[in-house]
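Keep in mind it's a predicted model, so treat the numbers as computed, not measured. Only this structure's heavy atoms are used, side chains among them; waters, hydrogens and symmetry mates stay out.
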Amino acid sequence: MIKGRAKKDIKTKNLVNRLKPGDIAVIKHEDIDEVAAVNLAEKRVKAIVNACLSISGKYPNQGPKILSQNNIPIIDNIGNELFDFIQENDILQWDGNKLYINNEIVGQAFILTEKEILKKMEDAADNIDIALNKFINNTLQYAHKEKDVVLTPLKLPRPKQKIQGKHVLVVIRGRNYKEDLKAIRSYIEEVKPIMIGVDGGGDALLDYGFKPDILIGDMDSVSDKCIRNCKQIIVHAYPDGRCPGMDRICKLGLTADILSYPGTSEDIALIFAYENKAELIVTVGSHTNMIDFLEKGRPGMASTLLVRMKVGYKIVDAKGVNELYKNQIKPRYVAALFAAALFPIVLISRLSPQIREIYRLLALKIRLFLGC
């Protein structure tokens with residue numbers, strides 16, 4: 001039996017900020033992506049109730065597998081009607097195949113088993129060629145339309161601090177962004193790059209004790225704390241000039257620059273660093289492949305392709321850098337290091353009568369303590 005308090009939102013990234021351990025996350029998220037799954041798992045929710053198919057079969061999304069590995073059951077595809085019926089803080093209970101709301105049975109619901117998840121992922125992998133074909137066609141079509149916008153220098157907001165000749169760190173809320181940020185911490189502390197947070201990437205910087213110098217995005221997945229703590233805010237607007245994110249900035253009593261651009265906020269961050277003559281651009285959590293973009297609901301990556309072609313020679317991508325250091329410190333290395341450190345101590349103790357007496361006294365105390 002599964003029982004818990006419902007926390008509900010159409011946008012999973014907004015819901016994560018309100019979840020507490022033991023809650024049941026009620027979402028409307030087709031093809032749960034990896035980042036969303038990791039965030040839900042970190043909140044230690046009791047279960048996921050999804051109005052949509054957690055794996056639709058379009059492509060092999062990793063989210064459900066991650067949730068299953070963390071022993072978080074997914075009650076899958078309950079439909080829009082039941083999703084709308086569930087209210088915030090309702091007590092949800094799943095017993096057998098029956099779903100209860102506030103102790104009243106409302107219908108049947110089924111858990112997505114680990115076996116079903118693996119089978120659905122295998123079937124989705126067989127469809128990858130179809131998805132790839134559509135993705136490439138869409139990318140090329142829009143790349144032709146957007147090439148002038150991307151390749152022509154943009155009229156950018158003036159940076160509030162000097163970027164020219166410096167390293168710039170761009171943090172995006174993408175795959176393994178937290179682990180990779182942790183892995184390059186020594187680089188950040190030594191080089192002290194200009195730090196740009198892209199929406200939720202700004203909060204990742206705060207989590208590790210760094211304040212973002214610049215925050216770029218549509219402001220829909222970043223905390224008020226992060227917005228207030230950065231030195232400069234650039235709000236991403238639609239190509240037609242609409243800028244919903246600016247409403248939030250005004251409500252907080254802050255000022256920001258607005259930049260209209262057809263691509264992603266990540267693209268803007270890279271262009272901003274490049275056009276301001278950054279010496280090197282280091283990216284964490286960046287979106288660079290088809291799965292990344294499909295998980296974000298984007299059918300193509302025209303702007304990103306063009307931006308990468310333009311500024312790519314200055315980019316160092318830290319994606320997956322944490323994997324390079326896993327299991328690298330072997331026990332024999334630790335033993336060798338200990339032996340190397342112990343050698344001069346042993347040598348000195350053999351040459352010094354005083355130190356020999358201290359060791360004998362210490363050994364005697366240990367024996368008395370152990371009763372032997």
Side-chain angles (χ1 to χ4, degrees), residues 1-128 130-131 173 175 200 220-221 291 294-297:
M1 184 179 73
I2 300 169
K3 188 175 183 179
R5 190 175 298 277
K7 297 294 182 182
K8 171 184 169 182
D9 205 300
I10 292 176
K11 289 189 175 181
T12 307
K13 60 185 177 182
N14 293 342
L15 177 62
V16 167
N17 297 323
R18 308 201 316 272
L19 289 172
K20 295 180 180 179
D23 285 340
I24 293 181
V26 183
I27 61 176
K28 199 173 186 179
H29 194 150
E30 183 173 274
D31 295 320
I32 299 174
D33 61 270
E34 182 173 349
V35 173
V38 169
N39 287 333
L40 289 167
E42 287 178 346
K43 291 295 182 176
R44 290 179 290 149
V45 294
K46 187 169 289 185
I48 308 293
V49 176
N50 194 358
C52 305
L53 287 167
S54 300
I55 305 178
S56 70
K58 296 175 185 175
Y59 63 95
N61 56 303
Q62 299 294 312
K65 183 179 178 182
I66 291 170
L67 292 169
S68 177
Q69 289 171 343
N70 283 275
N71 298 315
I72 299 174
I74 304 171
I75 301 170
D76 198 41
N77 197 29
I78 64 169
N80 291 330
E81 185 176 347
L82 195 50
F83 176 85
D84 294 337
F85 185 75
I86 297 172
Q87 300 300 311
E88 185 88 355
N89 293 317
D90 278 349
I91 301 300
L92 303 185
Q93 179 178 329
W94 183 86
D95 192 358
N97 290 330
K98 295 177 181 178
L99 180 64
Y100 297 79
I101 300 178
N102 299 323
N103 296 319
E104 293 185 10
I105 187 169
V106 293
Q108 288 189 317
F110 300 91
I111 284 183
L112 190 60
T113 66
E114 183 179 3
K115 184 177 181 180
E116 289 172 330
I117 289 171
L118 294 176
K119 178 64 168 62
K120 284 176 177 284
M121 289 187 70
E122 288 177 4
D123 293 342
D126 293 337
N127 296 329
I128 199 72
I130 298 172
R173 188 173 166 273
R175 181 183 180 188
D220 70 341
S221 60
I291 298 297
L294 289 176
E295 288 195 329
K296 287 295 179 183

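Counting heavy atoms from C-beta outward, I105 and L99 have side chains that stay 4.5 Å or more apart. N39 is listed as a side-chain neighbour of E42, based on a closest heavy-atom distance under 4.5 Å. Side-chain contact between L82 and V49 is absent, with no heavy-atom pair separated by less than 4.5 Å. Proximity of V45 to K7: side-chain heavy atoms (C-beta onward) are nowhere separated by under 4.5 Å. Contact annotation: the side chain of D90 never approaches that of V26 to less than 4.5 Å [non-hydrogen atoms, C-beta and beyond].
Looking at D220 and K13, a side-chain N of the basic residue comes within less than 4.0 Å of a carboxylate O on the acidic one, giving a salt bridge.
Among all heavy-atom pairs drawn from I117 and P64, the shortest one is CD1-O, 3.6 Å. Heavy atoms only, all atoms of each residue included: P73 and I111 are closest at CB-CD1, 3.9 Å. Minimum interatomic distance between A6 and I86 (heavy atoms only, all atoms of both residues): CB-CG2, 4.1 Å. Pairing each heavy atom of A47 with each of I2, the nearest pair is CB-CG2, 3.9 Å. Between K43 and L19 the shortest heavy-atom distance is CD-O, 3.9 Å. Heavy atoms only, all atoms of each residue included: A41 and L67 are closest at N-CD2, 4.4 Å.
Distance check, rounded to the nearest 0.5 Å: CD1 of I72 to NZ of K46 gives 12.0 Å. Within the model, atoms OG1 of T113 and NZ of K119 stand 12.0 Å from one another, a figure rounded to the nearest 0.5 Å. In this structure, CD on Q108 lies 13.5 Å from CD1 on I78, to the nearest 0.5 angstrom. With values rounded to the nearest 0.5 angstrom, I48 atom CD1 is found 8.0 Å from T12 atom OG1.
Within a 6.0 Å sphere centred on CZ of F110, heavy atoms belonging to other residues, nucleotides or ligands number more than 12. When the shell of 6.0 Å around CD1 of I91 is examined, it contains more than 12 heavy atoms from other residues, nucleotides or ligands. Open room surrounds CD on E114; 12 or fewer heavy atoms of other groups in view lie less than 6.0 Å from it. Within 6.0 Å of atom CZ in R18, more than 12 heavy atoms from other residues, nucleotides or ligands are found, so the atom counts as buried in its surroundings.
Under a 3.5 Å cut-off, the side chain of D31 and the backbone N or O of S56 do form a donor-acceptor pair. With hydrogens and angles ignored, the 3.5 Å screen pairs a side-chain donor or acceptor of E88 with a backbone N or O of K8. Between the side chain of R5 and the main chain of D23, no donor-acceptor pair closer than 3.5 Å is present. Judged by distance alone, with hydrogens and angles left aside, the side-chain atoms of D9 form a donor-acceptor pair with the main-chain N or O of K11 at under 3.5 Å. In this structure, W94 contributes its side chain and I75 its backbone to no donor-acceptor pair below 3.5 Å. With hydrogens and angles disregarded, a donor-acceptor distance shorter than 3.5 Å links the side chain of N61 to the backbone of I32. One N or O on the side chain of D33 and one on the backbone of A36 form a donor-acceptor pair closer than 3.5 Å.
The stretch residues 65-87 participates, sequence neighbours left out, in these side chain to side chain donor-acceptor pair (under 3.5 Å) pairs: K28-N80, S54-D76.
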